[in-house]
Amino acid sequence: MLQTGPISAASQTDVTQEMAARLKTALTTHLEQVYAPDQRKKLRLFSATESAELLGVSGQFLRKGHSDGTLPEPEVISNGRRFYSGAELWKMRHLLEAGSRTVGKYVPGRREGDKLQVIQLMNFKGGSAKSTATIHLCHYLALAGYRVLAVDLDPQGSLTGFCGLQTELEFDGATIYDALRYDDPLPLRDVIVDTYFPGLDLAPARLILSEFETETAVNAGRGEAFFERLSRALDSVEDDYDVVIIDSPPALGFLTLTGLFAATSVLVPMTPSMLDLASTQQFVEMTSAYLGVIENTGVRLDHDFFSFLITRDDPSDIPSQQIVSLMRALFQDRVIPSTAVRSTAVADASMLKMSIYEVTRAEMTRSTYDRARHSMDAVGSDVAHLIQKAWGR
Ligand SMILES: Nc1ncnc2c1ncn2[C@@H]1O[C@H](COP(=O)(O)OP(=O)(O)OP(=O)(O)O)[C@@H](O)[C@H]1O
Ligand SMILES: [Mg+2]
């Protein structure tokens with residue numbers, strides 16, 4: 001039952017406790033409605049046209065594959081139209097790759113000798129669309145056939161929520177905190193969960209992750225350096241993935257720094273406004289100081305790319321476009337060519353803890369959906385390009 005009306009409590013502690021309780025009930029109610037009846041998130045089905053596009057083949061090629069038996073028919077065929085599940089797409093991709101003469105055409109991930117790509121999205125400016133950009137990249141890459149591990153380094157757990165684990169509801173399992181903690185840490189493998197999205201696994205987060213900040217301060221100078229902890233944990237699962245995408249909290253604390261050390265590349269999401277520009281300047285300056293401290297311990301940090309990603313871009317807004325132009329003039333190819341456009345389709349999907357890849361075109365104004373989808377695809381494709389470049393392709 002939602003409680004409304006004035007809060008009358010004796011102390012400020014009781015007032016805030018009541019506020020937290022009311023918010024929790026409201027969130028639980030909202031989530032139960034979204035995930036009813038079994039409270040589990042599922043991935044939608046993909047039409048034949050969309051599936052062909054995702055696989056990079058023609059619709060005709062797909063139909064031929066079904067008729068000559070090289071590709072299995074999907075389970076759902078309604079009114080003669082085929083609908084594919086994420087798992088069926090994943091399977092077809094591997095069948096196509098096995099029969100293809102060009103290596104990596106359908107399964108574009110790591111080959112012998114390619115190093116695991118670890119991309120961290122970070123900016124201490126809150127609300128710069130880090131989590132939104134992270135989940136869209138994860139979904140884009142997984143749909144493109146990469147084996148992706150999402151790592152939630154933010155105690156707020158936004159990425160964890162996007163991946164279908166609701167810390168407000170049932171989820172109370174192990175989190176990335178358990179793999180990073182100083183006292184008897186768990187192997188990362190025991191913390192990782194698979195998601196309902198084929199190709200995407202998650203190292204989840206909950207509020208307790210914020211303990212890492214305090215414990216690191218207490219443990220300073222003892223044992224291995226704090227910033228090596230995530231990198232060490234990732235080493236233990238590195239064979240299972242092509243790409244790791246890390247979401248960070250809006251702070252440049254120990255959590256973000258352990259991510260930065262593990263990262264082979266960094267993306268700085270930034271909304272094109274004057275305030276964000278100023279904040280990003282401070283952020284980069286502080287990052288540089290911290291990188292200096294880490295490098296003074298004798299380690300060399302070598303990122304494949306360290307680039308800006310323009311988020312919530314509104315091409316019709318002139319002042320913001322001046323900032324986009326300024327960023328491009330200052331940093332050229334260190335600004336991702338495509339931008340994530342500001343879109344009600346993305347905002348609406350995120351209300352349901354979904355990416356644009358999870359909602360269907362029919363649920364929204366088509367042109368709104370298409371614009372948002374094209375923009376997220378373009379950003380994903382630019383990043384995939386950088387990943388391939390890091391592998392020398
Ligand atoms: N392309 C977009 N179009 C419209 N709204 C967006 C877009 N990207 C993000 N948003 C909205 O902006 C808000 C902030 O986004 P998000 O939570 O991803 O930022 P964040 O940087 O992860 O925040 P925090 O610093 O709290 O972790 C959210 O309400 C989100 O829905
Ligand atoms: Mg976030």
Side-chain angles (χ1 to χ4, degrees), residues 23 27 30 34 119-140 150-163 165-168 175-176 202-207 209-210 213 245-253 255-256 259-260 266-273 275-277 279-280 282-284 286-287 308-317 320-321 324 336 338-359 364-365 367-380 382-383:
L23 283 167
L27 276 167
H30 169 73
V34 171
I119 304 176
Q120 181 173 35
L121 284 87
M122 62 179 226
N123 190 339
F124 72 8
K125 173 83 185 171
S128 53
K130 293 178 287 296
S131 305
T132 309
T134 304
I135 194 64
H136 282 87
L137 266 184
C138 287
H139 286 174
Y140 175 88
V151 175
D152 194 351
L153 273 194
D154 184 354
Q156 295 179 94
S158 319
L159 182 64
T160 302
F162 271 126
C163 288
L165 288 185
Q166 304 312 333
T167 49
E168 300 89 344
T175 68
I176 187 73
L202 168 74
R206 272 189 284 129
L207 206 49
L209 180 58
S210 55
E213 299 287 349
I245 312 267
I246 305 174
D247 188 18
S248 340
L252 197 48
L255 280 167
T256 305
L260 185 63
V266 174
L267 277 177
V268 180
M270 183 195 146
T271 299
S273 78
L275 284 178
D276 284 58
L277 185 68
S279 152
T280 301
Q282 293 163 3
F283 168 72
V284 177
M286 270 175 75
T287 303
F308 296 95
L309 169 66
I310 305 291
T311 57
R312 276 193 272 141
D313 185 25
D314 180 356
S316 67
D317 179 65
S320 75
Q321 293 313 297
V324 176
I336 300 293
S338 306
T339 64
V341 294
R342 177 198 292 275
S343 161
T344 50
V346 175
D348 288 356
S350 81
M351 286 290 285
L352 305 174
K353 301 208 181 186
M354 286 181 179
S355 77
I356 195 76
Y357 296 100
E358 295 176 86
V359 289
M364 300 193 160
T365 312
S367 55
T368 311
Y369 175 89
D370 287 345
R371 185 169 157 274
R373 175 72 189 263
H374 287 152
S375 162
M376 293 303 177
D377 279 349
V379 170
D382 286 349
V383 173

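The residues of the chain are indexed from 1 along the displayed sequence. Read the numbers this way: they start at 1 and go in the same order the structure lists the ligands and their atoms.
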Query - Closer than 4.0 Å: a protein non-hydrogen atom to atom 29 (O) of ligand 1 - result: no
Show which atoms of ligand 1 fall inside a sub-4.0 Å distance from at least one heavy-atom site of [X].
{"X": "Gly126", "result": "25 (O)"}
{"X": "Ser131", "result": "18 (O), 20 (P), 22 (O)"}
{"X": "Ser350", "result": "31 (O)"}
{"X": "Asp154", "result": "27 (O)"}
{"X": "Val346", "result": "1 (N), 2 (C), 3 (N), 7 (C)"}

Could you pull out the closest heavy-atom pair between [X] and [Y], with the gap in Å?
{"X": "Ser355", "Y": "His139", "result": "OG-ND1, 2.7 Å"}
{"X": "Pro272", "Y": "Asp313", "result": "CG-OD1, 4.2 Å"}
{"X": "Pro204", "Y": "Thr175", "result": "O-CB, 3.2 Å"}
{"X": "Gln156", "Y": "Pro250", "result": "NE2-CD, 3.5 Å"}
{"X": "Leu252", "Y": "Phe124", "result": "N-CB, 3.9 Å"}
{"X": "Ala372", "Y": "Ile356", "result": "CB-CD1, 3.9 Å"}

Query raised in the report: Between Ala340 and ligand 1, does any nitrogen or oxygen pair lie at a separation below 3.5 Å?
Result: no
Query raised in the report: So is there a nitrogen or oxygen of Ser248 less than 3.5 Å from a nitrogen or oxygen in ligand 1?
Result: no
To check your reading of the model: name the closest protein heavy atom to [atom], its residue, and the distance in Å.
{"atom": "atom 12 (O) of ligand 1", "answer": "Arg312 NE, 3.4 Å"}
{"atom": "atom 26 (O) of ligand 1", "answer": "Gln156 NE2, 3.5 Å"}
{"atom": "atom 1 (N) of ligand 1", "answer": "Val341 O, 2.7 Å"}
{"atom": "atom 9 (C) of ligand 1", "answer": "Thr132 OG1, 3.4 Å"}
{"atom": "atom 3 (N) of ligand 1", "answer": "Ser343 N, 2.9 Å"}
{"atom": "atom 20 (P) of ligand 1", "answer": "Lys130 N, 3.4 Å"}
{"atom": "atom 19 (O) of ligand 1", "answer": "Ala129 N, 3.1 Å"}
{"atom": "atom 24 (P) of ligand 1", "answer": "Gly127 N, 3.6 Å"}

Query raised in the report: Less than 4.5 Å apart, any side-chain heavy atom of Ile246 and any of Met122?
Result: no
**Report entry** Contact check, side chains of Ser273 and Leu275, non-hydrogen atoms, under 4.5 Å
**Finding:** yes
Query raised in the report: Any N/O/S atom of Ser248 sitting less than 2.8 Å from the Mg ion (ligand 2), backbone or side chain?
Result: no
Query raised in the report: Could you state the interatomic distance from CG (Leu267) to CG (Leu137), rounded to the nearest 0.5 Å?
Result: 6.5 Å
Query raised in the report: Can Thr311 be said to touch ligand 1, with heavy atoms closer than 4.0 Å?
Result: no
Query raised in the report: Hey, does Ser158 sit under 4.0 Å from ligand 1 if you only count heavy atoms?
Result: no
**Report entry** From CA spacing to verdict: side chain to side chain contact (heavy atoms under 4.5 Å, CB included), Met376, Val346
**Finding:** CA-CA 10 Å; Met376 293 303 177; Val346 175; 3.9 Å; yes
Query raised in the report: Does the side chain of Ser320 come under 3.5 Å of the side chain of Asp314 through a donor N or O and an acceptor N or O?
Result: no
Report task. Fit a plane to each ring of Tyr357 and His136, take the angle between them on a 0 to 90° scale, and name the class: parallel (under 30°), tilted (30 to 60°) or perpendicular (over 60°). Result -> tilted
